[in-house]
Amino acid sequence: QEMENYAHQRYIPIIQKESAQLLRVLSKIKCPIRILEIGTAIGYSALHLLEGLRPEGKLVTIEREPDMTEAAWYFLQRAGVQDIVEIIEDDALCALQKLDGAYDMIFMDAAKGQYQEFFDLAFAHLEPGGILISDNVLYKGYVADGEKALHKRRTIVERLRNYLDKLVRHPMLDTCVIPIGDGMAVSMKKWE
Ligand code: SAH
Ligand code: MG
């Protein structure tokens with residue numbers, strides 16, 4: 001509740017409650033060992049993603065804004081999860097280029113216009129059977145209904161449509177789009 005208040009007072013776009021619940025449920029079903037998050041903000045979604053993490057597991061989360069990583073550390077330490085979380089303070093494109101290791105759960109929630117680039121770098125790190133969750137893919141409904149998109153939003157709407165198209169057509173993914181919160185795509189990497 002404290003984190004929700006903190007975020008709302010500062011207009012920080014954390015996931016909505018029903019999206020948080022979806023992350024918790026998916027994490028509990030998957031019981032991941034290694035989680036990757038792109039876009040930490042204050043660590044709110046990270047806490048929900050951790051819900052099903054195995055005892056020996058770890059969450060790596062990427063955030064470029066120092067103010068955010070500072071707030072995230074404060075909250076994550078208070079939640080007592082500092083030993084199982086690593087925050088990489090860097091632009092996600094740089095951080096993903098340097099990333100190593102495999103992940104069985106990836107949460108994509110940073111700059112919407114860059115999802116394709118993030119995906120291209122992150123996909124190789126997703127294990128077969130691993131799940132990729134992408135937030136904000138319906139972007140207030142504009143992605144589903146192009147007529148309503150204002151000119152200034154058109155680029156982002158186009159990019160999100162292309163991204164969704166890529167997910168849905170990808171030969172190595174099974175994807176569904178859930179109209180929860182701001183729209184979440186849930187994809188699973190196939191075994192072969
Ligand atoms: N996942 C969080 C909310 C993330 S908001 C939650 O639901 O609790 C998106 C965050 O992504 C912002 O804090 C923003 O600073 C960060 N971000 C946006 N583009 C980024 C980039 N290219 N690299 C790293 N972080 C980025
Ligand atoms: Mg989001």
Side-chain angles (χ1 to χ4, degrees), residues 3 13-63 68-69 72 75-76 79-88 90 92-93 95-112 114-138 163-164 166-168 170-178 180-192:
M3 291 174 89
I14 59 168
I15 47 165
Q16 296 170 31
K17 276 202 166 106
E18 65 265 33
S19 304
Q21 189 60 24
L22 179 64
L23 291 188
R24 294 172 86 87
V25 171
L26 288 173
S27 179
K28 285 182 170 182
I29 294 172
K30 179 68 186 163
C31 297
I33 299 177
R34 282 168 59 89
I35 306 172
L36 174 67
E37 178 180 58
I38 307 169
T40 318
I42 64 166
Y44 180 75
S45 51
L47 277 181
H48 294 285
L49 286 166
L50 284 172
E51 201 61 28
L53 189 80
R54 290 191 209 197
E56 70 278 24
K58 191 180 162 189
L59 178 143
V60 174
T61 180
I62 305 169
E63 170 61 53
M68 292 291 179
T69 58
F75 285 118
L76 293 171
V81 297
Q82 67 275 9
D83 294 341
I84 50 172
V85 173
E86 180 192 340
I87 302 179
I88 301 178
D90 199 353
L93 287 180
L96 288 170
Q97 264 156 26
K98 292 180 217 152
L99 193 76
D100 56 10
Y103 294 82
D104 47 5
M105 193 167 184
I106 300 181
F107 181 47
M108 173 97 75
D109 193 21
K112 295 182 275 294
Q114 289 181 289
Y115 276 11
Q116 295 224 40
E117 286 94 325
F118 297 152
F119 175 90
D120 289 340
L121 292 166
F123 184 73
H125 296 280
L126 183 62
E127 280 183 344
I131 53 181
L132 165 71
I133 305 144
S134 311
D135 191 35
N136 307 98
V137 292
L138 294 177
Y163 177 67
L164 274 184
K166 183 171 185 150
L167 290 184
V168 169
H170 200 291
M172 287 301 290
L173 291 175
D174 274 319
T175 296
C176 70
V177 179
I178 306 177
I180 206 173
D182 200 26
M184 282 185 145
V186 180
S187 312
M188 198 201 82
K189 191 169 188 174
K190 296 178 186 173
W191 294 90
E192 54 189 42

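Heavy-atom basis, side chains included; hydrogens, waters and symmetry copies ignored. The first residue of the sequence shown is numbered 1, and numbering continues consecutively from there.
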Expected output: side-chain Lys189 to main-chain Leu132 donor-acceptor under 3.5 Å: no
CD of Glu86 to CG of Leu36: how many Å apart, nearest 0.5 Å? 10.5 Å
Quick one: does Ile14's side chain get under 4.5 Å of Ile42's, heavy atoms only? yes
Pick from Leu23, Ile15, Ile178, Ile106: which one makes a side-chain contact (heavy atoms from CB on, under 4.5 Å) with Ile133? Leu23
To the nearest 0.5 Å, atom CG of Asp174 lies from atom CE of Met188 at 6.0 Å
Once rounded to the nearest 0.5 Å, what's the spacing between atom CG of Asp83 and atom NZ of Lys58? 11.0 Å
Could you walk me through whether Ser134 and Tyr163 pass the side chain to side chain donor-acceptor pair (under 3.5 Å) test, one step at a time? CA-CA 10 Å; Ser134 311; Tyr163 177 67; 2.8 Å; yes
Which distance, rounded to the nearest 0.5 Å, do you find between the CD of Glu51 and the SG of Cys31? 11.0 Å
Within a 6.0 Å radius of atom NZ on Lys190, are there more than 12 heavy atoms belonging to other residues, nucleotides or ligands? yes
Does Asp109 reach the main-chain N or O of Asp135 with its side chain, forming a donor-acceptor pair under 3.5 Å? no
Please name the pair of heavy atoms, one in Ala72 and one in Ala41, separated by the smallest distance, quoted to 0.1 Å. CB-O, 3.6 Å
Hey, does the side chain of His48 reach the backbone of Gln21 with a donor-acceptor pair shorter than 3.5 angstrom? no
Which heavy atom of Gln16 sits nearest a heavy atom of Asp182, and at what distance? NE2-N, 4.0 Å
Nearest non-hydrogen partners of Leu93 and Leu121, listed with the distance: O-CD1, 3.7 Å
Where is the tightest heavy-atom contact between Lys98 and Asp90, given as atom of each residue plus distance? NZ-OD2, 3.3 Å
Please name the pair of heavy atoms, one in Ser27 and one in Pro32, separated by the smallest distance, quoted to 0.1 Å. O-CD, 3.3 Å
With heavy-atom distances below 4.5 Å as the criterion, would you say the side chains of Leu47 and Met3 are in contact? yes
Which class fits the ring pair His170 and Phe123: parallel under 30°, tilted 30 to 60°, perpendicular over 60°? tilted
Output for pair (Phe119 CZ, Leu96 CG), nearest 0.5 Å, gives 12.0 Å
Roughly how far, to the nearest 0.5 Å, is CD1 of Ile87 from OG1 of Thr40? 5.5 Å
Test item: Lys30 and Asp104 side chains (from C-beta on) under 4.5 Å apart, heavy atoms: yes
Go through the steps to decide whether Ile84 and Leu59 satisfy the test side chain to side chain contact (heavy atoms under 4.5 Å, CB included), and finish with yes or no. CA-CA 6 Å; Ile84 50 172; Leu59 178 143; over 6 Å; no
Minimum heavy-atom distance between Gly181 and Glu18, given as atom pair plus value: N-OE2, 3.4 Å
What do the steps show when you test Thr61 against Phe107 for side chain to side chain contact (heavy atoms under 4.5 Å, CB included), and what is the final call? CA-CA 9 Å; Thr61 180; Phe107 181 47; over 6 Å; no
Close side-chain approach of Leu53 to Met105, heavy-atom, < 4.5 Å: no
On the 0 to 90° scale, with breaks at 30° and 60°, tag the Phe118-Tyr115 ring pair as parallel, tilted or perpendicular. tilted
Short question: side chain of Arg34, backbone of Ala102 - any donor-acceptor pair under 3.5 Å? yes
